[in-house]
Q: 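One structure coming up, written as structure tokens, with questions to follow.
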2 protein chains.
Amino acid sequence: MAKTSATIRDVARAAELSVASVSRVLNGKDNVHPDTRERVLEAVRALGYTPNAAARSLSTARTHALGVVLPDLHGEFFSELMRGIDRAASAHGYFPLLSSMHADGVLAGQAMAAMRGRVDGLLVMAPQLDAADLAAALPTGLPTVLVNCQGEDRHHAFRVDNRAGVRLMVEHLLACGRRNIVHIAGIEDNLDASERRDAFSEVMAELAPDQPARILQGDFQEATAGRLVQELLADDVPFDAIFAANDMMALGALQALREAGIDVPGRVAVAGFDDVPLARFLSLSTMRVDIDGLGARATERLIEEMEGRADAPAFERLTPGLMARGTTQASN
Amino acid sequence: MAKTSATIRDVARAAELSVASVSRVLNGKDNVHPDTRERVLEAVRALGYTPNAAARSLSTARTHALGVVLPDLHGEFFSELMRGIDRAASAHGYFPLLSSMHADGVLAGQAMAAMRGRVDGLLVMAPQLDAADLAAALPTGLPTVLVNCQGEDRHHAFRVDNRAGVRLMVEHLLACGRRNIVHIAGIEDNLDASERRDAFSEVMAELAPDQPARILQGDFQEATAGRLVQELLADDVPFDAIFAANDMMALGALQALREAGIDVPGRVAVAGFDDVPLARFLSLSTMRVDIDGLGARATERLIEEMEGRADAPAFERLTPGLMARGTTQASN
DNA sequence: GGCGGGTATGTAACCGGTTACAGTCATCGG
DNA sequence: CCGATGACTGTAACCGGTTACATACCCGCC
């Protein structure tokens, strides 16, 4: 009801004590007389007092917020990641402060700079920035953990092990008897996209050197993949498997094949990457990445770093697991 | 590089000016000599200075952050909502500060209290709280906008028009020749769930008074709906349409029907609510809610309110649109 | 009775910005 | 030549917490 909310001095006055005592009670400090504590709590209740977070931040230099910088805020990947981040953050009394970031390196730097003084640490996911841009954008002197970022060894980093994932899927496709696999790659500058593309070439060269290993340039979008498949069909290019760099493209491919009346998995197998929830429903074979767990672990690590108990920065690679479903093998 | 980052006084010293001038330049104030401005900017650049957000908040009583309180942080609904929120927020220079909230009214109050002094406004979505709990939890004196909350007329509120949506879908099912429609309701205390359930009863009573209008108690979970459908089949209950309170349950029902070898939509039609991305892939008929737009509009309104230009609080209802797909009508 | 030591409390400086108010200086009209 | 006016800049108080340090008090012991 009060026009302006109560301050610690109001509470002190109401309790006939000094601000120091009030502060001590509120922070659960050691030496306070039980009676004093009671008087303070009573006054707090009576005034409906809530400490001002900005003032507290200013004097303690801690905000209890952690910045989360992401390239885009949509899709399953984002929501799963946030879920993990929030779980870990709120377990330790932190709030996630969100910021989306657009492709540009300069804008990325601004987004991060704007968080200075607002957060105690930064969790950054920037698969679209190269190492130099990233290094330039990251603020100095702020605990930072990276997720899916390019080479940067001054900070702890989490990465999906794309190479291992691609290898597992290619092995699976070959084991299913596929010989002519087409890879649909993701956005050109994207780290995951290029790792997956390169791994595909290498693994094919190693495991099936005599087979073609065609690669089409996609962009992680469903519609694009559909179009590419239609072109393949129109050009009469032979193939018996499509391995898309992510699930959305795999679904686009699937749709295009079905519309063309092509039997999946009979004539063509389809595989994706990420295991978005959709995949299970559509029985899409894919590589499962524990995104929620990734978010939680990255956040845990960030909090350790902010609280000064963390070992040296390192890479942590998460190996995805093969989810072999109906689009690569007939159910029997 | 500096151990501790530069303050405005460091900048003032470096530029041989007073803090007031520096502050004026940084805030784009009126009266500053061009030369002065240049000296300040030069010093800022040299020192790599970024203003401390906490200090600024303390003296201006504005944080440029807005609190987003949500019941859970997963699924498409969440990511779409956040997408809209972030788009509107960053367009106006605000950061979303996230907090998930568990069912309990007391915990909800704590979650919101913890945001006091950290945010300039609050966007709350709490479909699981009743009006009294909600009123108790909301902090006073902080601009607030509600999304999908129960009756509360002191704040601006956005709501999905469940009644209108249910009516559209029931009309559609009847138009498709369905006569024996079963509704699978959502979680008991949930606002959307009960509105959809009640609307179903009413609309059926109005449009098809002679037909049965069976209602089963579900919980928004896919598995539960599957089980309920299996029970219907086991008990030989006649029905030719399932209208689930959300898409996930519709999908569970769909799966159970397919496993039982029942032709959809031939023998039984299936419909959901929400239009999650999955729905399109599985050709599920459903009601489309523009969640992204909802988030953006709610945020815009909140910002207007925070900046003191907003008309009286009111309700805004968003009418969902019918997405008639393959599970209610044979493709022809 | 005086003194050491522990406990409980108060005072005031400080965190890093913003801004009201007070100055300084040059210009200009009378 | 003086005062007024306007353009620019500086000083210091203030926002609301935290906390180092000082102080007051009570106890037990020699």
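This structure is a prediction, so every number in the text was calculated from the model and none was measured. Chain identifiers are assigned alphabetically (A, B, ...) following the order of the sequence lines, protein sequences preceding nucleic acid strands; residue numbering begins at 1 within each chain.
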Q: Under 4.0 Å between a side-chain N/O of A:K29 and OP1 or OP2 of D:dT19, yes or no?
A: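 Checking D:dT19 against A:K29, a side-chain N or O does come within under 4.0 Å of OP1 or OP2.
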Q: I need the CG-P distance between A:L58 and D:dT19, as an integer number of Å.
A: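 In whole Å, D:dT19 P lies 12 Å from A:L58 CG.
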Q: A:N27 side chain: which of D:dC8, D:dT18, C:dG17 is closest?
A: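 Of the candidates, D:dT18 comes closest.
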Q: What is the separation between atom CD on B:E16 and atom C1' on D:dG10, rounded to the nearest whole Å?
A: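 So the two atoms are 14 Å apart, to the nearest Å.
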Q: Parallel under 30°, tilted from 30 to 60°, perpendicular over 60°: which one fits the rings of B:H64 and B:Y94?
A: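 If you compare the ring of B:H64 with that of B:Y94, the planes turn out tilted.
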Q: Which nucleotide sits closest to the side chain of B:N52: C:dT11, C:dG17, D:dG17?
A: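 Among C:dT11, C:dG17, D:dG17, the one nearest the side chain of B:N52 is C:dG17.
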Q: With the side chain of B:H33 defined as its heavy atoms from C-beta on, choose the nearest nucleotide among D:dT11, C:dG16, D:dT9.
A: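 Nearest to the side chain of B:H33 among the choices is D:dT9.
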Q: Reckon A:T36 has a side-chain N or O less than 4.0 Å from the OP1 or OP2 of C:dA8?
A: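 Answer no for this pair, as no side-chain N or O of A:T36 is under 4.0 Å from OP1 or OP2.
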Q: Thinking salt bridges, do A:E42 and A:R39 make one under a 4.0 Å N-O criterion?
A: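 Between A:R39 and A:E42 there is no salt bridge, as every charged N stays at least 4.0 Å from the carboxylate O atoms.
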Q: Under a 4.0 Å threshold between the charged nitrogen and the carboxylate oxygen, would B:E316 count as salt-bridged to B:R301?
A: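 Here B:R301 does not pair with B:E316 in a salt bridge, since their nearest N and O are not under 4.0 Å apart.
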Q: What is the distance, to the nearest angstrom, from the NE2 atom on A:H64 to the P atom on D:dG17?
A: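 The distance from NE2 of A:H64 to P of D:dG17 comes to 15 Å, rounded to the nearest Å.
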Q: Between P on C:dA12 and CZ on A:R9, what's the gap in Å once rounded to a whole number?
A: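 It is 12 Å, rounded to the nearest whole Å.
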Q: Separation of B:L17 atom CG from D:dT11 atom P, in whole Å?
A: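 Distance, rounded to whole Å: 11 Å.
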Q: From D:dT11, D:dT18, D:dC15, pick the nucleotide closest to the side chain of B:A20?
A: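 The answer is D:dT11, which lies nearest to the side chain.
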Q: Categorize B:L26 for me: base, sugar-phosphate, or nothing, with a 4.0 angstrom heavy-atom threshold over every strand shown.
A: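 No contact at all - B:L26 keeps every heavy atom at 4.0 Å or more from the nucleic acid.
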Q: Once you round it to whole Å, what is the distance between C1' of D:dA7 and CZ of B:R37?
A: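 It works out to 14 Å between those atoms.
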Q: Let me know the distance between CG of B:D10 and C1' of C:dC15, rounded to the nearest Å.
A: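 The distance from CG of B:D10 to C1' of C:dC15 comes to 13 Å, rounded to the nearest Å.
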Q: Name the closest nucleotide to the A:R24 side chain, picking from C:dT9, C:dG17, D:dT18.
A: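 Given the options C:dT9, C:dG17, D:dT18, the side chain of A:R24 is closest to C:dT9.
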Q: Separation of B:I8 atom CD1 from C:dC15 atom P, in whole Å?
A: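 Atom-to-atom, B:I8 to C:dC15, this comes out as 14 Å.
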Q: State whether the number of non-hydrogen atoms from other residues, nucleotides or ligands found under 6.0 Å of A:E188 atom CD is greater than 12.
A: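 Atom CD in A:E188 is not packed in, count stays at 12 or less.
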Q: Please determine, for the side chain of B:V19, which listed nucleotide (D:dG17, C:dT9, D:dT11) has the closest atom?
A: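 Per side-chain heavy atoms of B:V19, the pick is D:dT11.
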Q: Donor-acceptor pair under 3.5 Å: do we get one between B:R56's side chain and the base of C:dG16?
A: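 A donor-acceptor contact between them is absent.
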Q: Indicate, with a heavy-atom threshold strictly under 4.0 Å, whether A:T7 touches base, sugar-phosphate, or nothing.
A: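 Here A:T7 touches the backbone only, sparing every base.
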Q: A:S21 near the nucleic acid: base, sugar-phosphate alone, or nothing, with a heavy-atom cut-off under 4.0 Å?
A: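 Here A:S21 touches the backbone only, sparing every base.
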